[in-house]
Amino acid sequence: MSASGVLSFTQQGWEQVLAKVKRAVVYLDAACAESLHWGCGSTRLLEAVGSPECHLLEFEPDAVGGGARQPKAVFVLSRLLKGRTVEILRDIICRSHFQYCVVVTAVSHAVHLTANHVPAAAAAEMEGQQPVFEQLEEKLCEWMGNINYTAEVFHVPLLLAPVAPHLALTPTFASLFPLLPQDVHLLNSARPDKRKLGSLGDVDATALTPELLLQIRCLVSGLSSLCEHLGVREECFAVGSLSRVIAADLANYAPAKNRRKTAAGRASVIFVDRTLDLTGAVGHHGDNLVEKIISALPQLPGHTNDVMVNMIELTSLQTEEENYNVVSPGCLAQSNDTTAKALWEALLNTKHKEAVMEVRRHLVEAASRENLPIKMSMGRVTPGQLMSYIQLFKNNLKALMNHCGLLQLGLATAQTLKHPQTAKWDNFLAFERLLLQSIGESAMSVVLNQLLPMIKPVTQRTNEDYSPEELLILLIYIYSVTEELTADKDLGEAEEKVKKALAQVFCEESELSPLLQKITDCDSSINLTFHKSKIATNELFTSLRDIAGARSLMKQFKSVYVPGNHTHQASYKPLLKQVVEEIFHPERADSADIEHMSSGLTDLLKTGFSMFMKVSRPHPSDHPLLILFVVGGVTVSEAKMVKDLVASLKPGTQVIVLSTRLLKPLNIPELLFATDRLHPDLGF
């Protein structure tokens, strides 16, 4: 058992897939492609296919079918084999010439039984049988046009995209986000005959929508497979309302009972709701180069955790924008390049200044190894300096191929350093520090009035000014770092002024960004009236009030704000830091906010007896492995902070940080204002 278990878990899963793909057309959906991308790379899959006649294709309704010279297909899917997914499968197969079809699903057969409403008792009796997969195999042969053709359907837990030995993400669940107080009203309206939920504290599995419950069960199934691979029996803990539902589901997941009996190792799995601390997600205090890269560079299409690196500088094409799509983009994931992977892990684990020096060092060493005419320069690393080193490789194909991964990371660094967004990063940081001081010294209404002059319409904005999306990020920062607000006349008036100014700015945008389209429910600025815009800002402030009250149910973790005094300025103390410090506190007291989820009668009896006998309750610091799962996304800086903090507080304890996605500040408003939080699209 080791922290690198997340990589071996992913690679072991992909080895099962690779064993099936020889001379096949391979269809992947986006989440599985992302797991492959970080786990072993598409090159590994192409090598396993080993035929120029065969291709890697996206699994989508319009996907090209297999021709007469392509008799075999492998479908690698992250979703349930049900509904729309099965219809797409049928349509692709029916317009192809396949004689052999393999379908790999990342969702276990047990979850397929749940999705098909098979009662738990009946599902338990089917252990070892896979009727859902067997029925689909019959259908596949039917669609291929001959019952004697070959069809296979099986489960491989392709859950993770391993970004580093200590950090892995779950692309399938990138949209999973904790509930807000406003969601309680929606849940209540969907259950008119049942007891009303008073707050998020009352939310349990029975209160959630069937789609969200099923999404949670899919996640739990994958996490159970990870624990099996690591050889551990897990104790489950939770901080936050949605985390409590997920932790309870994992603790009581029936298919895990037998593996837990034989597991040699032990682990604590702690789920934490992202909404309890959005300050860390939208703030700019993380002094990390990778955070700046993923904020500045455009997202790699179909991915949630990687970016496009412009490679045109390594070609003879002119560096005009119309040529950008001629050359395939580079990226950050370098799963098959040992040197580039080592540099990537160094970038994740060092501060900005050390990281750019590390990039320069790697480029200089690579150029020296290739005997390229390098001119050494010391002092501050500049984008121009990095580009001069990178361009030495330009006309040397052998050197390019030997150091392709390193050059992609070098270009990503250079492009980020000269990006306008990076210059703005320091402006954000300065304003956030100012806000921290203001929040301690002034009322919330004064803080909002400080923001008011920064809200400018597009005709008055310069590159130094904040766009509407950036203003939302600042508002989320302000409302998340404060404690629950008390409504008063001054605050109401200040909020009204900000709402009005924002509504006007939204209306005057020449083009609505995807985020503003989502917030205003309007696809074009031409159709956006001030009335519509004002409704949107009213709803926006309802969400902001929810964010301010997100920790109201906490007893210990009520604040992330540390007031200033005569020796120290006011500061932000991350919730994850507070959680880890509490876990490894020398006194090992039971935390009021880190709830243990019992996994059956034995645990319940322990809990009961502990009230009047000396029976120790499970504690999250009991075990040599800590798995911390942040529901709703994590930043690179937070993952590093957790890793370093555990190493300092309890050396020898291994830690794995898992999360639904890697976050940049703009992701938070996108997730907050998503309309499908309670009704996720499960592909059927």
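Numbers for residues simply follow the sequence, beginning at 1.
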Self-check item: Minimum heavy-atom distance Cys101-Met144, with the two atoms named
Solution: SG-SD, 3.7 Å
Quiz item: Between Val111 and Tyr253, is any pair of side-chain heavy atoms under 4.5 Å apart?
Solution: yes
Quiz item: Does the pair Leu226 and Leu658 meet the rule for a side chain to side chain contact (heavy atoms under 4.5 Å, CB included), with working shown?
Solution: CA-CA 11 Å; Leu226 173 63; Leu658 302 180; 3.8 Å; yes
Quiz item: Is a salt bridge present between Arg44 and Glu15, judged by a nitrogen-to-oxygen distance below 4.0 Å?
Solution: yes
Quiz item: Is a side-chain N or O of Thr660 found less than 3.5 angstrom from the main chain of Gly632, in a donor-acceptor match?
Solution: yes
Quiz item: Does the pair Glu142/Arg90 count as a salt bridge with the N-to-O cut at 4.0 Å?
Solution: no
Quiz item: Taking all atoms of both residues into account, what is the closest heavy-atom pair of Leu179 and Thr275, and its distance?
Solution: O-OG1, 4.2 Å
Quiz item: Is there a side-chain contact between Leu214 and Pro210 (heavy atoms, below 4.5 Å)?
Solution: no
Quiz prompt | Presence of salt bridge, Arg79 and Asp29, under 4.0 angstrom | solution = yes
Self-check item: Close side-chain approach of Cys331 and His37, heavy atoms under 4.5 Å
Solution: yes
Self-check item: Residue pair Thr10 / Ser35, side-chain heavy-atom distance below 4.5 Å
Solution: yes
Quiz item: With side chains defined as the heavy atoms from C-beta onward, is the minimum distance between Pro162 and Phe9 less than 4.5 Å?
Solution: no
Quiz item: Do Val239 and Met554 have side-chain heavy atoms sitting under 4.5 Å apart?
Solution: yes
Quiz item: Taking all non-hydrogen atoms of both residues, which atom of Pro178 and which atom of Arg274 are closest, and how far apart?
Solution: CG-N, 3.6 Å
Quiz item: Under the 3.5 angstrom rule, does the side chain of Arg217 hit a backbone N or O of Ser221 as a donor-acceptor pair?
Solution: no
Self-check item: Any Lys20 side-chain heavy atom under 4.5 Å of Phe154 side chain
Solution: yes
Quiz item: Under a 4.5 Å cut-off applied to non-hydrogen side-chain atoms, are Arg260 and Glu234 in contact?
Solution: yes
